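For reference, the structure is listed below as structure tokens.
By convention in this document, chain letters (A, B, ...) are assigned in the order of the sequence lines, proteins followed by strands, and residues within each chain are numbered from 1. No experiment lies behind these values; they were computed from the predicted model shown.
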Amino acid sequence: MEHFALKYLRKDRLPHIFCPGCGIGIIINCTCKAMDELNLDLDKVVLTSGIGCSSRIPGYFYLDSLHTTHGRALAFATGIKVANPELTVICFTGDGDTGAIGGNHFIHACRRNIDITVICVNNYIYGMTGGQVSPTTPEEKVATTAPYGNIENPLDLCKLAEAAGASYVARWTTAHPFQLVRSIKKGINKKGFAFIEVVSQCYTYFGRLNKFKNNIELLKYIKENSININKAKNMSEEELKGKIIVGEFVDREKSEFSEEIHKLIDKHKIVK
Amino acid sequence: MIFINKELCKACYICIEFCPKKVFTISKELNKKGVYPSEVDDESRCTYCKICELMCPDQAITVVKK
């Protein structure tokens with residue numbers, strides 16, 4: 001018997017490059033499960049990614065994919081979607097891709113509300129380049145460029161997406177696989193920009209530097225520190241310090257960019 | 001039935017920890033990569049919730065309800 005995800009993956013490339021216990025494998029499974037349940041036409045799915053650990057995901061899928069420049073995955077995805085609005089575009093990014101170098105592209109993709117599903121793998125650290133501080137590293141956590149603990153305020157990507165105008169915003173962790181599948185399905189079906197942040201474990205850098213014994217302890221820490229949004233509403237700011245709020249933050253209907261631009265083109269077309 | 005592809009397993013043991021019924025255990029034999037993969041300890045405890053299928057980062061576990 002074969003794993004359900006292998007139908008969508010390049011089997012000759014497995015086992016994949018990710019470290020043992022890395023959360024990216026769980027995200028691959030959840031994406032495959034969502035595609036499985038939605039019965040997508042695989043000829044009409046395009047994956048894009050930037051640079052980073054998470055951006056190696058599309059290389060393992062047996063689908064059309066683009067591995068683009070650092071932070072510009074959303075710019076390429078916008079081009080694909082506008083050129084051919086029939087396609088389902090899924091974009092895999094990391095915290096460096098969306099929060100740091102691609103921050104501007106991210107804000108403006110949210111603002112335009114273009115029909116792309118973004119799955120952001122947030123592992124709190126730059127895993128591929130050696131464990132440097134990323135914009136989402138929590139306060140007091142250690143990284144190779146912050147050996148005495150991080151003093152910067154972390155960036156909340158979900159709040160940023162919400163303020164910039166995304167249609168669908170959700171955050172889950174790799175310890176919530178069933179909820180993540182449901183959110184990815186909703187995001188793909190959503191007409192508009194869907195942003196799904198997945199808090200993932202990076203044992204090799206984040207875990208080792210922060211004195212976690214193994215990847216299971218780190219994953220348990222993530223699970224125990226996550227609080228559902230419904231419960232978090234009644235809690236004070238002090239109680240929520242250092243916690244991960246999970247759940248669906250935004251689910252709204254707005255006008256969509258690729259549809260609007262093609263309407264505009266049709267309206268002003270010169271008929272001969 | 002629970003199938004484990006031992007050559008894909010990287011010995012992270014997430015399945016052992018996160019299985020609600022503790023179906024898995026560590027194998028005593030090495031695989032080709034030189035790690036001790038997971039194996040099924042007692043399948044009669046399995047409730048077919050399939051969380052191991054989703055949480056195995058290496059696509060090694062397949063669960064089929066009889």
* Asked: Any idea which heavy atoms bring A/Leu219 and B/Met55 closest together, and the distance?
  -> CD2-CE, 3.9 Å
* How far apart are the closest heavy atoms of A/Pro15 and B/Lys33, and which atoms are they? -> CG-CE, 3.7 Å
Where does [X] contact chain B at under 4.5 Å (heavy atoms): side chain, backbone, both or neither?
X: A/Glu217; answer: neither
X: A/Cys22; answer: backbone
X: A/Leu14; answer: both
X: A/Tyr203; answer: neither
X: A/Leu9; answer: side chain

Please classify the contact between [X] and chain A as side chain, backbone, both or neither, with a heavy-atom cut-off of under 4.5 Å.
X: B/Cys15; value: neither
X: B/Tyr13; value: both
X: B/Ile16; value: neither

* Got B/Ile51 and A/Pro177 here, is their nearest side-chain heavy-atom distance under 4.5 Å? -> yes
* Going by heavy atoms in the side chains, are B/Asn5 and A/His3 under 4.5 Å from each other? -> no
Please determine whether the number of non-hydrogen atoms from other residues, nucleotides or ligands lying under 6.0 Å from atom [atom1] of [X] exceeds 12.
X: A/Ile17; atom1: CD1; value: no
X: B/Arg45; atom1: CZ; value: yes
X: A/Lys44; atom1: NZ; value: no
X: A/Glu140; atom1: CD; value: no
X: A/Lys190; atom1: NZ; value: yes
X: B/Tyr36; atom1: OH; value: no

* **Stepwise side-chain contact (heavy atoms from CB on, under 4.5 Å) test for A/Phe4 and B/Val63** => CA-CA 10 Å; A/Phe4 67 86; B/Val63 181; over 6 Å; no
* Taking every heavy-atom pair that is under 4.5 Å apart, which of A/Asn215, A/Val181, A/Thr174 has the most such pairs with chain B? -> A/Asn215
* In sequence, state the C-alpha distance, the side-chain angles, and the governing distance for A/Ile28 and B/Gln59, and then conclude on side-chain contact (heavy atoms from CB on, under 4.5 Å). => CA-CA 9 Å; A/Ile28 292 179; B/Gln59 290 83 34; 3.9 Å; yes
Measuring from atom [atom1] of [X] to atom [atom2] of [Y], what distance do you get when rounded to the nearest 0.5 angstrom?
X: A/Leu6; Y: B/Thr62; atom1: CG; atom2: OG1; answer: 7.0 Å
X: A/His16; Y: B/Lys10; atom1: NE2; atom2: NZ; answer: 4.5 Å
X: B/Cys12; Y: A/Phe18; atom1: SG; atom2: CZ; answer: 13.5 Å

* To do: Kindly determine whether A/Gln201 and B/Ile14 satisfy side-chain contact (heavy atoms from CB on, under 4.5 Å), including the steps that lead there.
  => CA-CA 12 Å; A/Gln201 73 274 22; B/Ile14 287 177; 3.7 Å; yes
* I would like to know whether B/Phe3 and A/Glu2 meet side-chain contact (heavy atoms from CB on, under 4.5 Å); could you show each step before the answer? => CA-CA 8 Å; B/Phe3 301 92; A/Glu2 241 186 21; over 6 Å; no
* State, without any angle test, whether A/Asn29 and B/Glu53 hold a side-chain donor-acceptor pair at a distance under 3.5 Å. => no
